[in-house]
Amino acid sequence: MSLKVYNSLTRSKEQFLPLAEGRVGMYVCGVTVYDHCHVGHARVMVVFDVIYRWLKQLGYDVNYVRNFTDVDDKIIKRANEAGLDPKQLTDEMIEAFHKDMDALNCLRPTHEPRATLHMNEMIEMITQLVEKGFAYVADSGDVLYSVRKFDGYGQLSGKNIDDLESGSRVEVDGSKRDPLDFVLWKQAKPGEPAWSSPWGRGRPGWHIECSAMSCGHLGDTFDIHGGGMDLKFPHHENEIAQARAANGGGFARYWLHNGFVNINEEKMSKSLGNFFTICEVLKKYHPEVLRMFILGTHYRSPLDFSDQALDVAKAGLDRLYETKRRLHEAGKLPASDQGALPGSFVNAMNDDFNTPEALAGLFHVCKEVNRGLDAGEEISGLIAQFTAMLSLLGIVQEDAAQWFHGGDLDTGWIDALIAERSEAKKSRDFARADAIRDELAAKGIVLEDGADGTSWKQAG
RNA sequence: GGCAGGGUGGCUCAGUGGUACGGCGGAGGACUGCAAAUCCUUUAUUCGCGAGUUCGAUUCUCGCCCCUGCCUCCA
(Lines give C-alpha, C1' and ligand atoms only; values in the text may rest on other atoms or scores of the structure.)
Protein backbone atom coordinates (compact mmCIF):
# COMPACT_ATOMS: atom_id res chain seq x y z
CA MET A 1 0.00 0.00 0.00
CA SER A 2 1.31 3.39 -0.85
CA LEU A 3 0.97 6.69 0.92
CA LYS A 4 -2.32 8.54 1.02
CA VAL A 5 -2.64 12.04 2.39
CA TYR A 6 -5.56 14.29 3.10
CA ASN A 7 -5.21 17.30 0.83
CA SER A 8 -6.91 20.41 2.20
CA LEU A 9 -7.01 21.79 -1.32
CA THR A 10 -9.36 19.06 -2.55
CA ARG A 11 -10.79 18.16 0.86
CA SER A 12 -10.14 14.51 0.19
CA LYS A 13 -7.63 11.79 0.80
CA GLU A 14 -5.42 11.33 -2.21
CA GLN A 15 -2.68 9.07 -3.39
CA PHE A 16 0.59 10.86 -2.79
CA LEU A 17 2.67 11.09 -5.93
CA PRO A 18 5.61 13.48 -5.83
CA LEU A 19 6.43 15.71 -8.75
CA ALA A 20 9.84 14.16 -9.25
CA GLU A 21 10.18 10.47 -8.61
CA GLY A 22 11.94 9.69 -5.38
CA ARG A 23 12.09 13.27 -4.23
CA VAL A 24 9.77 15.36 -2.08
CA GLY A 25 9.80 19.09 -1.51
CA MET A 26 8.02 20.07 1.68
CA TYR A 27 7.52 23.54 3.13
CA VAL A 28 6.11 24.08 6.59
CA CYS A 29 5.24 27.45 8.06
CA GLY A 30 7.44 27.97 11.06
CA VAL A 31 7.04 30.52 13.78
CA THR A 32 7.25 34.25 14.26
CA VAL A 33 10.15 34.54 16.62
CA TYR A 34 9.03 37.13 19.14
CA ASP A 35 8.24 34.84 22.05
CA HIS A 36 8.71 31.33 23.35
CA CYS A 37 6.76 28.58 21.64
CA HIS A 38 3.69 27.03 23.22
CA VAL A 39 2.19 23.58 22.99
CA GLY A 40 0.30 24.50 19.83
CA HIS A 41 3.60 25.16 18.11
CA ALA A 42 4.94 21.93 19.51
CA ARG A 43 2.15 20.10 17.77
CA VAL A 44 2.95 21.42 14.29
CA MET A 45 6.60 20.69 14.76
CA VAL A 46 6.10 17.16 16.05
CA VAL A 47 3.42 16.35 13.49
CA PHE A 48 5.55 17.44 10.57
CA ASP A 49 8.61 15.87 12.09
CA VAL A 50 6.83 12.53 11.97
CA ILE A 51 5.65 13.22 8.43
CA TYR A 52 9.23 14.06 7.48
CA ARG A 53 10.50 10.88 9.10
CA TRP A 54 7.86 8.80 7.38
CA LEU A 55 8.58 10.25 3.94
CA LYS A 56 12.23 9.43 4.45
CA GLN A 57 11.30 5.97 5.65
CA LEU A 58 9.44 5.47 2.37
CA GLY A 59 12.71 6.16 0.64
CA TYR A 60 12.10 9.69 -0.52
CA ASP A 61 14.86 12.21 -0.64
CA VAL A 62 13.08 14.97 1.26
CA ASN A 63 13.90 18.64 1.05
CA TYR A 64 12.19 19.94 4.17
CA VAL A 65 12.07 23.71 4.48
CA ARG A 66 10.71 25.52 7.53
CA ASN A 67 10.96 29.27 7.85
CA PHE A 68 11.50 31.76 10.62
CA THR A 69 9.48 34.95 10.42
CA ASP A 70 11.97 37.35 11.89
CA VAL A 71 10.51 40.62 10.66
CA ASP A 72 7.06 41.56 11.85
CA ASP A 73 5.08 44.13 13.83
CA LYS A 74 4.96 41.96 16.93
CA ILE A 75 8.71 41.52 16.87
CA ILE A 76 9.26 45.24 16.60
CA LYS A 77 6.84 45.91 19.43
CA ARG A 78 8.32 43.26 21.71
CA ALA A 79 11.88 44.34 20.98
CA ASN A 80 11.00 47.95 21.81
CA GLU A 81 9.40 46.92 25.08
CA ALA A 82 12.44 44.90 26.04
CA GLY A 83 14.84 47.56 24.88
CA LEU A 84 16.41 45.14 22.45
CA ASP A 85 17.40 45.33 18.86
CA PRO A 86 14.92 43.18 16.87
CA LYS A 87 17.83 41.10 15.63
CA GLN A 88 18.88 40.36 19.21
CA LEU A 89 15.36 39.30 20.10
CA THR A 90 14.90 37.06 17.08
CA ASP A 91 18.31 35.47 17.54
CA GLU A 92 17.42 34.67 21.12
CA MET A 93 14.04 33.25 20.21
CA ILE A 94 15.46 31.13 17.43
CA GLU A 95 17.92 29.68 19.88
CA ALA A 96 15.09 28.97 22.31
CA PHE A 97 13.07 27.44 19.49
CA HIS A 98 15.90 25.09 18.58
CA LYS A 99 16.28 24.12 22.19
CA ASP A 100 12.58 23.19 22.36
CA MET A 101 12.70 21.28 19.09
CA ASP A 102 15.80 19.35 20.09
CA ALA A 103 14.16 18.45 23.38
CA LEU A 104 11.12 17.18 21.51
CA ASN A 105 13.43 15.11 19.35
CA CYS A 106 12.36 16.88 16.15
CA LEU A 107 14.87 16.46 13.37
CA ARG A 108 16.20 19.67 11.91
CA PRO A 109 14.70 20.53 8.54
CA THR A 110 16.96 20.59 5.53
CA HIS A 111 16.71 24.38 5.46
CA GLU A 112 15.48 26.95 7.96
CA PRO A 113 15.41 30.20 6.03
CA ARG A 114 14.99 33.52 7.82
CA ALA A 115 12.82 36.11 6.15
CA THR A 116 15.35 38.91 6.69
CA LEU A 117 17.92 37.00 4.68
CA HIS A 118 15.62 36.66 1.66
CA MET A 119 14.69 40.25 0.95
CA ASN A 120 15.83 40.07 -2.65
CA GLU A 121 13.58 37.14 -3.49
CA MET A 122 10.61 38.87 -1.89
CA ILE A 123 11.24 42.16 -3.62
CA GLU A 124 11.60 40.32 -6.90
CA MET A 125 8.30 38.55 -6.43
CA ILE A 126 6.51 41.77 -5.50
CA THR A 127 8.02 43.44 -8.55
CA GLN A 128 6.60 40.73 -10.76
CA LEU A 129 3.20 41.08 -9.12
CA VAL A 130 3.20 44.80 -9.74
CA GLU A 131 4.35 44.32 -13.32
CA LYS A 132 1.70 41.73 -14.00
CA GLY A 133 -0.99 43.93 -12.55
CA PHE A 134 -1.75 41.87 -9.47
CA ALA A 135 -0.40 44.49 -7.11
CA TYR A 136 -0.49 48.25 -6.84
CA VAL A 137 1.15 50.99 -4.86
CA ALA A 138 -1.42 52.61 -2.59
CA ASP A 139 -1.55 56.26 -1.58
CA SER A 140 0.11 55.32 1.67
CA GLY A 141 3.09 54.07 -0.29
CA ASP A 142 2.42 50.47 0.74
CA VAL A 143 2.31 47.86 -1.99
CA LEU A 144 -0.92 45.91 -1.88
CA TYR A 145 -2.11 42.72 -3.53
CA SER A 146 -5.31 43.10 -5.45
CA VAL A 147 -7.27 40.06 -4.42
CA ARG A 148 -9.98 40.41 -7.06
CA LYS A 149 -7.39 40.19 -9.81
CA PHE A 150 -6.62 36.61 -8.89
CA ASP A 151 -9.15 34.14 -10.16
CA GLY A 152 -8.75 31.24 -7.84
CA TYR A 153 -8.87 33.25 -4.64
CA GLY A 154 -10.62 31.31 -1.91
CA GLN A 155 -10.07 27.87 -3.40
CA LEU A 156 -8.07 26.52 -0.48
CA SER A 157 -10.24 27.85 2.32
CA GLY A 158 -13.50 27.31 0.47
CA LYS A 159 -14.47 30.93 0.66
CA ASN A 160 -15.71 33.26 -1.97
CA ILE A 161 -14.78 36.86 -2.01
CA ASP A 162 -18.27 38.25 -1.74
CA ASP A 163 -19.07 36.20 1.36
CA LEU A 164 -15.87 37.41 2.90
CA GLU A 165 -16.75 41.01 2.32
CA SER A 166 -20.28 40.83 3.58
CA GLY A 167 -19.33 39.22 6.86
CA SER A 168 -16.08 41.03 6.99
CA ARG A 169 -14.40 42.00 10.19
CA VAL A 170 -11.56 43.49 8.23
CA GLU A 171 -10.81 47.06 9.15
CA VAL A 172 -11.53 49.44 6.36
CA ASP A 173 -8.30 50.97 5.30
CA GLY A 174 -8.68 54.03 3.13
CA SER A 175 -5.69 53.26 0.98
CA LYS A 176 -6.98 49.81 0.00
CA ARG A 177 -8.91 49.57 -3.23
CA ASP A 178 -10.68 46.58 -1.76
CA PRO A 179 -10.97 45.72 1.91
CA LEU A 180 -9.56 42.26 1.27
CA ASP A 181 -6.37 43.48 -0.35
CA PHE A 182 -3.34 42.70 1.74
CA VAL A 183 0.09 44.20 2.18
CA LEU A 184 3.07 42.99 0.22
CA TRP A 185 5.43 45.77 1.20
CA LYS A 186 5.02 48.13 4.06
CA GLN A 187 6.57 51.58 4.35
CA ALA A 188 8.87 51.90 7.34
CA LYS A 189 8.18 54.36 10.08
CA PRO A 190 11.19 56.06 11.63
CA GLY A 191 13.15 53.72 13.85
CA GLU A 192 11.70 50.54 12.38
CA PRO A 193 13.85 47.94 10.66
CA ALA A 194 13.84 48.69 6.96
CA TRP A 195 15.25 47.51 3.67
CA SER A 196 15.64 49.40 0.42
CA SER A 197 13.20 48.59 -2.33
CA PRO A 198 11.76 50.10 -5.51
CA TRP A 199 8.97 51.44 -3.28
CA GLY A 200 11.22 53.05 -0.73
CA ARG A 201 12.57 51.78 2.54
CA GLY A 202 10.27 49.35 4.24
CA ARG A 203 9.63 45.75 5.14
CA PRO A 204 7.72 42.85 3.62
CA GLY A 205 4.19 41.85 4.55
CA TRP A 206 3.78 38.56 6.32
CA HIS A 207 2.52 36.40 3.48
CA ILE A 208 5.12 37.18 0.85
CA GLU A 209 8.01 35.60 2.70
CA CYS A 210 6.56 32.12 2.57
CA SER A 211 5.74 32.36 -1.13
CA ALA A 212 9.21 33.66 -1.90
CA MET A 213 11.16 31.29 0.29
CA SER A 214 9.21 28.16 -0.55
CA CYS A 215 9.47 28.76 -4.28
CA GLY A 216 13.07 29.86 -3.83
CA HIS A 217 14.06 26.58 -2.20
CA LEU A 218 11.65 24.16 -3.81
CA GLY A 219 10.69 25.66 -7.16
CA ASP A 220 7.50 27.25 -8.47
CA THR A 221 5.64 24.00 -8.07
CA PHE A 222 6.43 21.64 -5.24
CA ASP A 223 4.87 18.79 -3.32
CA ILE A 224 3.78 19.57 0.22
CA HIS A 225 2.93 22.71 2.11
CA GLY A 226 1.96 22.38 5.73
CA GLY A 227 1.02 24.32 8.81
CA GLY A 228 -1.66 24.79 11.42
CA MET A 229 -5.32 24.99 10.46
CA ASP A 230 -5.43 28.63 11.40
CA LEU A 231 -3.01 29.48 8.64
CA LYS A 232 -5.32 28.20 5.95
CA PHE A 233 -6.99 31.57 5.76
CA PRO A 234 -5.78 34.10 5.02
CA HIS A 235 -2.10 33.18 5.11
CA HIS A 236 -2.03 30.15 2.84
CA GLU A 237 -4.73 31.52 0.60
CA ASN A 238 -2.61 34.61 0.12
CA GLU A 239 0.52 32.58 -0.44
CA ILE A 240 -1.20 30.78 -3.27
CA ALA A 241 -2.45 34.02 -4.78
CA GLN A 242 1.02 35.54 -4.68
CA ALA A 243 3.01 32.60 -5.92
CA ARG A 244 0.70 31.53 -8.72
CA ALA A 245 0.21 35.06 -9.94
CA ALA A 246 3.91 35.88 -9.81
CA ASN A 247 5.45 32.86 -11.44
CA GLY A 248 2.60 31.00 -13.01
CA GLY A 249 3.51 27.79 -11.22
CA GLY A 250 1.04 25.58 -9.46
CA PHE A 251 2.68 26.23 -6.11
CA ALA A 252 2.08 23.52 -3.52
CA ARG A 253 0.28 20.39 -4.72
CA TYR A 254 -0.70 18.88 -1.38
CA TRP A 255 -1.76 21.07 1.51
CA LEU A 256 -1.57 19.49 4.96
CA HIS A 257 -3.08 21.20 7.98
CA ASN A 258 -2.92 20.02 11.55
CA GLY A 259 -5.66 20.58 14.12
CA PHE A 260 -5.36 22.79 17.15
CA VAL A 261 -4.38 22.17 20.69
CA ASN A 262 -7.32 23.04 22.93
CA ILE A 263 -7.62 23.75 26.60
CA ASN A 264 -11.04 23.14 28.08
CA GLU A 265 -12.32 22.71 24.55
CA GLU A 266 -11.03 26.08 23.55
CA LYS A 267 -8.20 26.82 21.17
CA MET A 268 -4.88 27.47 22.83
CA SER A 269 -3.68 30.80 21.54
CA LYS A 270 -1.66 33.80 22.38
CA SER A 271 -4.57 36.15 22.05
CA LEU A 272 -6.72 34.18 24.49
CA GLY A 273 -3.79 33.91 26.84
CA ASN A 274 -4.65 30.30 27.65
CA PHE A 275 -1.36 28.84 26.50
CA PHE A 276 1.45 26.90 28.09
CA THR A 277 4.90 27.32 26.67
CA ILE A 278 6.87 24.23 25.81
CA CYS A 279 9.51 25.01 28.40
CA GLU A 280 6.86 25.39 31.10
CA VAL A 281 5.48 21.96 30.31
CA LEU A 282 8.95 20.46 30.20
CA LYS A 283 9.58 21.54 33.76
CA LYS A 284 6.94 19.06 34.81
CA TYR A 285 7.03 16.42 32.09
CA HIS A 286 9.72 14.72 30.07
CA PRO A 287 9.73 15.96 26.46
CA GLU A 288 8.88 12.49 25.23
CA VAL A 289 5.62 12.73 27.20
CA LEU A 290 4.66 15.79 25.21
CA ARG A 291 5.64 14.05 22.00
CA MET A 292 3.66 10.94 22.92
CA PHE A 293 0.67 13.10 23.87
CA ILE A 294 0.74 14.67 20.41
CA LEU A 295 1.14 11.35 18.58
CA GLY A 296 -1.76 9.84 20.49
CA THR A 297 -4.28 11.78 18.43
CA HIS A 298 -4.56 11.98 14.67
CA TYR A 299 -2.87 15.16 13.43
CA ARG A 300 -6.04 16.62 11.92
CA SER A 301 -8.18 16.16 15.04
CA PRO A 302 -8.39 18.60 17.90
CA LEU A 303 -6.10 17.74 20.77
CA ASP A 304 -7.19 18.57 24.29
CA PHE A 305 -4.38 19.60 26.54
CA SER A 306 -4.58 18.78 30.24
CA ASP A 307 -2.44 17.31 32.97
CA GLN A 308 -4.59 14.23 32.85
CA ALA A 309 -3.93 13.78 29.14
CA LEU A 310 -0.20 14.13 29.71
CA ASP A 311 -0.39 11.59 32.54
CA VAL A 312 -2.05 9.14 30.17
CA ALA A 313 0.70 9.72 27.62
CA LYS A 314 3.27 9.10 30.33
CA ALA A 315 1.58 5.89 31.42
CA GLY A 316 1.80 4.61 27.87
CA LEU A 317 5.48 5.49 27.68
CA ASP A 318 6.11 3.79 31.02
CA ARG A 319 4.69 0.62 29.61
CA LEU A 320 6.96 0.79 26.58
CA TYR A 321 9.94 1.63 28.75
CA GLU A 322 9.24 -1.37 31.00
CA THR A 323 9.65 -3.56 27.98
CA LYS A 324 12.75 -1.71 26.89
CA ARG A 325 14.21 -2.18 30.35
CA ARG A 326 13.49 -5.89 30.26
CA LEU A 327 15.20 -6.11 26.88
CA HIS A 328 18.16 -4.14 28.16
CA GLU A 329 18.53 -6.31 31.24
CA ALA A 330 18.27 -9.43 29.15
CA GLY A 331 20.93 -8.05 26.82
CA LYS A 332 18.54 -8.27 23.91
CA LEU A 333 18.38 -4.68 22.74
CA PRO A 334 19.44 -4.69 19.11
CA ALA A 335 22.41 -2.55 18.13
CA SER A 336 20.50 -1.04 15.23
CA ASP A 337 17.05 0.50 14.98
CA GLN A 338 16.79 -0.40 11.31
CA GLY A 339 14.52 -3.41 11.73
CA ALA A 340 11.58 -4.10 9.47
CA LEU A 341 8.36 -2.39 10.46
CA PRO A 342 5.22 -4.50 10.90
CA GLY A 343 2.59 -4.22 8.20
CA SER A 344 -0.06 -2.83 10.50
CA PHE A 345 2.24 0.01 11.41
CA VAL A 346 3.18 0.71 7.82
CA ASN A 347 -0.44 0.70 6.72
CA ALA A 348 -1.41 3.05 9.51
CA MET A 349 1.31 5.52 8.66
CA ASN A 350 0.54 5.29 4.96
CA ASP A 351 -3.06 6.15 5.71
CA ASP A 352 -2.58 9.88 6.17
CA PHE A 353 -0.05 9.43 8.97
CA ASN A 354 -2.43 7.74 11.36
CA THR A 355 -0.19 7.71 14.42
CA PRO A 356 -2.87 6.53 16.89
CA GLU A 357 -3.35 3.42 14.83
CA ALA A 358 0.40 3.06 14.42
CA LEU A 359 0.67 3.21 18.21
CA ALA A 360 -1.90 0.45 18.47
CA GLY A 361 0.43 -1.65 16.32
CA LEU A 362 3.34 -0.68 18.52
CA PHE A 363 1.53 -1.72 21.70
CA HIS A 364 0.56 -4.97 20.10
CA VAL A 365 4.20 -5.79 19.38
CA CYS A 366 5.14 -4.60 22.84
CA LYS A 367 2.78 -7.19 24.31
CA GLU A 368 4.14 -9.89 22.01
CA VAL A 369 7.67 -9.08 23.09
CA ASN A 370 6.73 -9.32 26.77
CA ARG A 371 4.97 -12.57 26.14
CA GLY A 372 7.96 -13.97 24.29
CA LEU A 373 10.28 -12.81 27.04
CA ASP A 374 8.08 -14.48 29.67
CA ALA A 375 8.07 -17.70 27.68
CA GLY A 376 11.76 -17.57 26.89
CA GLU A 377 11.14 -17.73 23.16
CA GLU A 378 13.31 -16.59 20.31
CA ILE A 379 11.80 -13.25 19.35
CA SER A 380 14.60 -11.23 17.83
CA GLY A 381 12.38 -10.35 14.86
CA LEU A 382 9.72 -8.90 17.12
CA ILE A 383 12.30 -7.01 19.12
CA ALA A 384 13.70 -5.49 15.96
CA GLN A 385 10.22 -4.37 14.98
CA PHE A 386 9.69 -2.90 18.41
CA THR A 387 12.80 -0.75 18.40
CA ALA A 388 12.35 0.23 14.76
CA MET A 389 8.90 1.64 15.49
CA LEU A 390 10.15 3.52 18.53
CA SER A 391 12.97 5.00 16.56
CA LEU A 392 10.70 6.04 13.71
CA LEU A 393 8.29 7.76 16.06
CA GLY A 394 11.10 9.31 18.05
CA ILE A 395 9.93 8.01 21.42
CA VAL A 396 11.42 5.75 24.08
CA GLN A 397 14.87 6.87 23.02
CA GLU A 398 16.21 7.34 26.55
CA ASP A 399 18.03 4.77 28.58
CA ALA A 400 15.28 2.77 30.28
CA ALA A 401 16.82 2.79 33.75
CA GLN A 402 17.37 6.52 33.52
CA TRP A 403 13.77 7.02 32.46
CA PHE A 404 12.49 5.38 35.61
CA HIS A 405 15.05 6.97 37.86
CA GLY A 406 14.02 10.46 36.92
CA GLY A 407 16.68 13.11 37.20
CA ASP A 408 17.97 11.65 40.45
CA LEU A 409 21.74 11.53 40.43
CA ASP A 410 22.42 10.58 44.02
CA THR A 411 20.96 7.11 44.11
CA GLY A 412 23.56 5.36 46.24
CA TRP A 413 21.33 5.38 49.30
CA ILE A 414 18.62 3.60 47.33
CA ASP A 415 21.01 0.91 46.18
CA ALA A 416 22.23 0.50 49.75
CA LEU A 417 18.70 -0.05 51.04
CA ILE A 418 17.96 -2.46 48.22
CA ALA A 419 21.07 -4.44 49.11
CA GLU A 420 20.04 -4.53 52.74
CA ARG A 421 16.59 -5.68 51.77
CA SER A 422 18.03 -8.44 49.61
CA GLU A 423 19.96 -9.70 52.61
CA ALA A 424 16.81 -9.56 54.73
CA LYS A 425 14.91 -11.48 52.08
CA LYS A 426 17.64 -14.07 51.86
CA SER A 427 17.37 -14.69 55.59
CA ARG A 428 13.58 -14.68 55.22
CA ASP A 429 13.23 -11.61 57.39
CA PHE A 430 10.26 -10.36 55.41
CA ALA A 431 9.21 -7.90 58.07
CA ARG A 432 12.49 -6.06 57.66
CA ALA A 433 12.35 -6.38 53.86
CA ASP A 434 8.86 -4.92 53.74
CA ALA A 435 9.83 -2.16 56.13
CA ILE A 436 12.58 -1.12 53.75
CA ARG A 437 10.21 -1.26 50.82
CA ASP A 438 7.72 0.90 52.71
CA GLU A 439 10.45 3.32 53.64
CA LEU A 440 11.40 3.72 49.98
CA ALA A 441 7.78 3.89 48.90
CA ALA A 442 7.28 6.78 51.27
CA LYS A 443 9.97 8.58 49.30
CA GLY A 444 8.32 7.75 45.99
CA ILE A 445 10.56 4.82 45.14
CA VAL A 446 8.84 1.69 43.91
CA LEU A 447 10.71 -1.62 43.92
CA GLU A 448 10.38 -4.41 41.42
CA ASP A 449 11.83 -7.82 42.16
CA GLY A 450 12.82 -9.43 38.91
CA ALA A 451 14.61 -12.59 37.96
CA ASP A 452 17.91 -10.73 37.89
CA GLY A 453 17.52 -8.85 41.15
CA THR A 454 15.63 -5.82 42.29
CA SER A 455 15.19 -2.68 40.25
CA TRP A 456 13.50 0.56 41.25
CA LYS A 457 11.64 3.43 39.76
CA GLN A 458 10.15 6.70 40.77
CA ALA A 459 6.44 6.54 41.41
CA GLY A 460 4.02 8.54 39.32
C1' G B 1 -24.67 34.75 8.49
C1' G B 2 -20.81 31.89 5.20
C1' C B 3 -17.32 27.89 5.32
C1' A B 4 -14.75 23.75 7.77
C1' G B 5 -14.31 19.82 11.38
C1' G B 6 -16.42 17.06 15.39
C1' G B 7 -20.06 14.17 18.83
C1' U B 8 -17.59 6.23 19.86
C1' G B 9 -17.25 2.46 26.89
C1' G B 10 -15.35 5.51 33.52
C1' C B 11 -11.39 8.66 30.78
C1' U B 12 -8.75 8.89 26.10
C1' C B 13 -8.28 7.67 21.03
C1' A B 14 -8.76 4.79 16.15
C1' G B 15 -11.92 2.51 12.63
C1' U B 16 -15.43 0.04 9.35
C1' G B 17 -21.72 -1.30 4.93
C1' G B 18 -21.91 -7.09 8.44
C1' U B 19 -22.60 -5.32 15.99
C1' A B 20 -16.16 -1.60 17.20
C1' C B 21 -8.39 -0.74 17.41
C1' G B 22 -5.19 0.65 21.11
C1' G B 23 -3.77 3.18 25.80
C1' C B 24 -5.24 4.55 30.86
C1' G B 25 -8.53 2.92 34.66
C1' G B 26 -11.73 -1.23 36.95
C1' A B 27 -12.63 -6.67 38.07
C1' G B 28 -10.83 -11.81 38.31
C1' G B 29 -6.66 -15.20 37.60
C1' A B 30 -1.23 -16.79 36.84
C1' C B 31 3.56 -15.41 38.77
C1' U B 32 5.52 -13.48 43.82
C1' G B 33 7.03 -14.73 50.86
C1' C B 34 3.78 -10.29 50.00
C1' A B 35 4.06 -6.61 46.36
C1' A B 36 5.55 -4.26 41.77
C1' A B 37 6.25 -5.34 36.71
C1' U B 38 4.63 -8.87 33.09
C1' C B 39 1.11 -12.35 31.04
C1' C B 40 -4.06 -14.43 30.66
C1' U B 41 -9.42 -13.48 31.07
C1' U B 42 -12.89 -9.71 31.54
C1' U B 43 -14.89 -4.49 31.14
C1' A B 44 -19.72 -0.55 24.76
C1' U B 45 -26.11 -5.72 22.23
C1' U B 46 -23.39 -0.21 21.11
C1' C B 47 -20.98 4.32 18.14
C1' G B 48 -25.42 12.58 19.68
C1' C B 49 -31.09 12.27 18.16
C1' G B 50 -34.87 11.03 14.38
C1' A B 51 -36.03 9.23 9.61
C1' G B 52 -34.51 7.02 4.82
C1' U B 53 -31.56 3.65 1.43
C1' U B 54 -30.05 -1.60 2.36
C1' C B 55 -30.77 -8.46 3.56
C1' G B 56 -27.90 -5.51 7.09
C1' A B 57 -25.62 1.35 9.11
C1' U B 58 -21.94 3.38 14.03
C1' U B 59 -20.10 3.63 8.97
C1' C B 60 -24.13 6.14 3.02
C1' U B 61 -28.41 10.08 2.42
C1' C B 62 -31.67 13.78 4.64
C1' G B 63 -33.35 16.56 8.87
C1' C B 64 -32.45 18.05 13.91
C1' C B 65 -29.60 18.96 18.54
C1' C B 66 -24.92 20.12 20.68
C1' C B 67 -19.55 21.45 20.48
C1' U B 68 -15.18 23.67 18.25
C1' G B 69 -12.57 26.40 14.68
C1' C B 70 -11.83 29.92 10.51
C1' C B 71 -14.01 34.38 8.28
C1' U B 72 -8.60 40.24 12.04
C1' C B 73 -2.96 38.51 14.17
C1' C B 74 -2.61 33.25 15.30
C1' A B 75 0.73 26.71 14.62
Do A/Phe251 and A/His225 have their ring centres less than 6.0 Å from each other?
yes
B/rG69, B/rG5, B/rG33: which one has an atom nearest the side-chain heavy atoms of A/Arg428?
B/rG33
A/Lys159 side-chain proximity, nearest of B/rA35, B/rC70, B/rG23:
B/rC70
Flag, side chain of A/Asn354 to backbone of A/His298, donor-acceptor distance under 3.5 Å
no
Is any side-chain N or O of A/Arg319 closer than 4.0 Å to OP1 or OP2 of B/rU38?
yes
Side-chain ion pair, A/Arg253 and A/Asp223, N-O less than 4.0 Å
yes
For the base of B/rC34, is there a side-chain donor-acceptor partner from A/Arg437 under 3.5 Å away?
yes
Under a 3.5 Å distance rule, please check whether A/Asn7 uses its side chain to pair with a backbone N or O of A/Glu14 as donor and acceptor.
no
Any donor-acceptor N/O pair, A/Asn274 side chain to A/Ser269 backbone, under 3.5 Å
yes
When all nucleic acid strands are considered with a 4.0 Å heavy-atom cut-off, which category describes A/Lys74: base, sugar-phosphate, or nothing?
sugar-phosphate
With Watson-Crick and G-U wobble geometry limited to distances under 3.5 Å, how should the secondary structure of RNA chain B be encoded in dot-bracket form, using | for bases paired to another strand and [ ] for crossing pairs?
(((((((..(((.........)))((((((.......))))))....(((((.......))))))))))))....
Within-4.5 Å side-chain heavy-atom neighbours: A/Tyr52 and A/Val28:
no
What integer number of Å spans the C1' atoms of B/rU19 and B/rA44?
10 Å
When you get a sec, tell me which of B/rG23, B/rC73, B/rG33 is the closest nucleotide to the side chain of A/Val312?
B/rG23
Mind checking A/Val261 for me? I need base, sugar-phosphate or nothing, with any heavy atom below 4.0 Å counting as a touch.
base
Selection from B/rA14, B/rA75, B/rU38 that lies nearest to any side-chain heavy atom of A/Thr297:
B/rA14
Does A/Asp434 make a side-chain donor-acceptor contact with the base of B/rG33, cut-off 3.5 Å?
yes
Remember a base hit wins even if backbone is also touched, and classify A/Arg66 as base, sugar-phosphate or nothing at under 4.0 Å, heavy atoms.
nothing
Check if the side chain of A/Asp304 and the base of B/rC11 share a donor-acceptor pair of N or O atoms closer than 3.5 Å.
no
Just call it for A/Arg300: base, sugar-phosphate, or nothing, with non-hydrogen atoms closer than 4.0 Å on any strand.
nothing
With heavy atoms under 4.0 Å as the rule, sort A/His298 into base, sugar-phosphate or nothing.
sugar-phosphate
Residue-phosphate contact under 4.0 Å: A/Arg326 side-chain N/O, B/rC39 OP1/OP2
no
Measuring from the side chain of A/Ala360 (C-beta onward, heavy atoms only), which nucleotide among B/rC21, B/rG69, B/rG5 has the closest atom?
B/rC21
With a 4.0 Å cut-off on heavy atoms, is A/Phe233 in touch with a base, just the backbone sugar-phosphate, or nothing at all?
sugar-phosphate
Is the distance from OP1 or OP2 of B/rA14 to the nearest side-chain N or O of A/Ser301 less than 4.0 Å?
yes
Geometric class of the A/His207/A/Phe182 ring pair [parallel <30°, tilted 30-60°, perpendicular >60°]
perpendicular
Look at all strands and tell whether A/Gly227 reaches a base, only sugar-phosphate, or nothing, counting heavy atoms closer than 4.0 Å.
sugar-phosphate
Using the P atom on both, measure B/rA57 against B/rA37 and round to a whole Å.
43 Å
Roughly how many Å apart are B/rC65 and B/rC49, using the C1' atom of each and rounding to a whole number?
7 Å
Between B/rU53 and B/rC62, how far apart are the P atoms? Round to whole Å, please.
15 Å
Salt bridge A/Asp429-A/Arg421, side-chain N to carboxylate O under 4.0 Å
no
Could you tell me whether A/Lys270 contacts a base, only the sugar-phosphate backbone, or nothing, with contacts defined as non-hydrogen atoms closer than 4.0 Å?
nothing
What's the gap between B/rC13 and B/rG28 when it is taken at their C1' atoms, as a whole Å value?
26 Å
What nucleic acid atoms does A/Asp72 come within less than 4.0 Å of, heavy atoms only: base, sugar-phosphate, or nothing?
nothing
Are A/Lys77 and A/Asp72 packed together at the side-chain level, in the sense that at least one heavy-atom pair is separated by less than 4.5 angstrom?
no
Flag the pair A/Cys29 / A/His236 as yes when at least one side-chain heavy-atom distance between them is below 4.5 Å, and no otherwise.
yes
Considering only B/rA35, B/rC71, B/rA14, which nucleotide approaches the side chain of A/Asn354 most closely?
B/rA14
What distance, rounded to whole Å, do you find between the two P atoms, one in B/rC40 and one in B/rC31?
16 Å
Taking the P atom of each, how far is B/rG15 from B/rG48, in whole Å?
15 Å
Passes salt bridge (charged side-chain N to carboxylate O under 4.0 Å, His left out), A/Arg148 versus A/Asp178? Steps please.
CA-CA 8 Å; A/Arg148 286 192 180 273; A/Asp178 188 289; 2.9 Å; yes
Roughly how far apart are A/Ile263 CD1 and A/Leu303 CG, rounded to 0.5 Å?
10.5 Å
P gap between B/rG7 and B/rU59, integer Å:
12 Å
Give a yes/no answer on whether the side chain of A/Tyr34 brings an N or O atom under 4.0 Å of OP1 or OP2 in B/rC73.
no
Among residues 361-376 of chain A, which contact RNA chain B at a heavy-atom distance under 4.0 Å?
A/Phe363, A/Lys367, A/Asn370, A/Arg371, A/Asp374
Select base, sugar-phosphate, or nothing to describe what A/Leu447 touches, counting heavy atoms under 4.0 Å on all strands.
base
